[in-house]
Amino acid sequence: MTFDPRDCGTCPIRHRAVCARCETDELEFLESIKFYRSFEAGQPVIWSGDNMDFVASVVSGVASLSQAMEDGRTQMVGLLLPSDFLGRPGREFAAYDVVAVSNLTLCCFRRKPFEKMMVDTPHIGQRLLEMTLDELDAAREWMLILGRKTAREKIASLLTILARREASLALQTTDNGTSFELPLTREAMADYLGLTLETVSRQISALKREGVIVLEGKRQIIIPDFYALMAEAGDDSDGGVMA
C-alpha cells in the first residue's frame, strides 16, 4: 500500500501508533495539528535541551537517542523504530539528542494542542501509557542484553527485535520466517551494542555462514527459521507473537 500523508487510512503505522484507537472526528483534529518532517541519515532531529514544541510518531526509518557525558563522550541509549513515539507531553525541552540513523519520516503534532487532546480524549493518554510501559519493558530487556549477553547473542537479539517490529507493522507473525531491510549500518550496530566494528562484522558473517541469516545485498536480512535466531539470542519466548 502506498503511503499518502494526507490520508491516515494508508499510514503504515496506523494500527500501532498513539492514534491507533482514534475515531474519525479525533483523526480529523489530529490532521489539523499535524505536519511531516523528513531527515536524511546522520541528520540531527533535535538536541538535548532544545525547546521541543512538537511530539511525533516515527512513520519510517530509525532514529537514535543519545546522551552526552560531562567529558564530552556520548552514549547511545535507545532506538526509535517505526510507530515509536518521540517527545513527552508536559515536557518543554528534549531530554536526549535525537539523530536519524537512516532516512527518517516523522508524523509530528504541535505539542500544546496534543496535550489538550490528551485531557479531552482519555484513550489517547491510555494508549500513550501503554506505549510507555512497553518502552520500559524494552529498556529492561536491553539492560540484560548489554550486561549479560555475549557479542553473538547481542547481535542476534537486535536482529530479533527488528524482525519482530517489521512483522508487527505488516500484521504478520514470524512463524514461517521473515525478512527485513536492516536500518542500521554496522558502525551504528557496534555503537549501540557496545562492540567493535570488527566484532559486529565477524559475528554477522558467522551467522550467515551457519545459515541462521541470509544476506541479500548490503542491507536485506532473511531469517529462514526465526526460532533458530531466537536460540542464538538466548531467547526462548514465542517467536510467533507480534511485538
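Counting from 1, the numbers follow the sequence of the chain as shown. On a predicted model such as this, the values are computed, not experimentally measured, just so you know.
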Inset, instruction - Give the intermediate values and the outcome of salt bridge (charged side-chain N to carboxylate O under 4.0 Å, His left out) for residues Glu210 and Arg152. - result: CA-CA 13 Å; Glu210 296 167 24; Arg152 184 183 180 96; 2.5 Å; yes
Inset, instruction - Under the side-chain contact (heavy atoms from CB on, under 4.5 Å) rule, what do Val212 and Ile223 come out as? Steps first, then yes or no, please. - result: CA-CA 7 Å; Val212 179; Ile223 303 171; 5.9 Å; no
Legend entry - Arg110 side chain near Phe35 side chain, heavy-atom distance below 4.5 Å: yes
Legend entry - Ser168-Arg16 side chain donor-acceptor pair, cut-off 3.5 Å: yes
Legend entry - Donor-acceptor side-chain pairing of Ser157 and Thr160 below 3.5 angstrom: no
For the backbone of [Y] and the side chain of [X], can you confirm whether one donor and one acceptor N or O come within less than 3.5 Å of each other?
X      : Y      : result
Asp120 : Met117 : no
Ser32  : Phe29  : yes
Gln43  : Glu40  : yes
Ser57  : Ser83  : no
Glu26  : Glu23  : yes
Lys149 : Ala233 : yes
Arg14  : Ala20  : yes
Asp97  : Ser48  : yes
Arg127 : Ala17  : yes
Thr150 : Glu153 : yes

Inset, instruction - For the pair Ile222 and Thr178, evaluate side-chain contact (heavy atoms from CB on, under 4.5 Å) and give the outcome as yes or no after the intermediate values. - result: CA-CA 6 Å; Ile222 299 172; Thr178 187; over 6 Å; no
Inset, instruction - Apply side chain to side chain donor-acceptor pair (under 3.5 Å) to Gln220 and list each qualifying residue two or more places apart in sequence or on a separate chain. - result: none
Inset, instruction - Please say whether more than 12 non-hydrogen atoms of neighbouring residues, nucleotides or ligands are located less than 6.0 Å from OH in Tyr96. - result: no
Inset, instruction - Return yes when atom CZ of Arg88 has more than 12 non-hydrogen atoms of other residues, nucleotides or ligands closer than 6.0 Å, and no otherwise. - result: no
Legend entry - CG-CD1 distance between Leu158 and Ile155, expressed to the nearest 0.5 angstrom: 8.5 Å
Inset, instruction - Can you measure from OG1 (Thr121) to CD (Gln126) and round to the nearest 0.5 angstrom? - result: 12.5 Å
Inset, instruction - Run the numbers on Leu86 and Met52 for side-chain contact (heavy atoms from CB on, under 4.5 Å), then give the verdict. - result: CA-CA 10 Å; Leu86 170 62; Met52 193 165 182; 3.6 Å; yes
Legend entry - Ion pair check, Arg111 and Glu115, cut-off under 4.0 Å: yes
Inset, instruction - Decide whether Val77 and Tyr192 are clustered together by the hydrophobic rule: side chain heavy atoms of Ile, Leu, Val, Met, Phe, Trp, Tyr closer than 4.5 Å, transitively. - result: no
Inset, instruction - Heavy atoms only: give me the nearest Leu106-Ala56 pair and the separation to one decimal. - result: CB-CB, 4.2 Å
Legend entry - Minimal non-hydrogen separation, Asn103 against Ala41, with atom names: OD1-N, 3.1 Å
Inset, instruction - Report the relative orientation of the aromatic rings in Phe114 and Phe109; use parallel for angles under 30°, tilted for 30 to 60°, perpendicular for over 60°. - result: parallel
Inset, instruction - Could you give me the CA-CA distance, side-chain angles and deciding distance for Cys22 and Ile124, then say whether side-chain contact (heavy atoms from CB on, under 4.5 Å) is met? - result: CA-CA 8 Å; Cys22 287; Ile124 291 284; 3.2 Å; yes
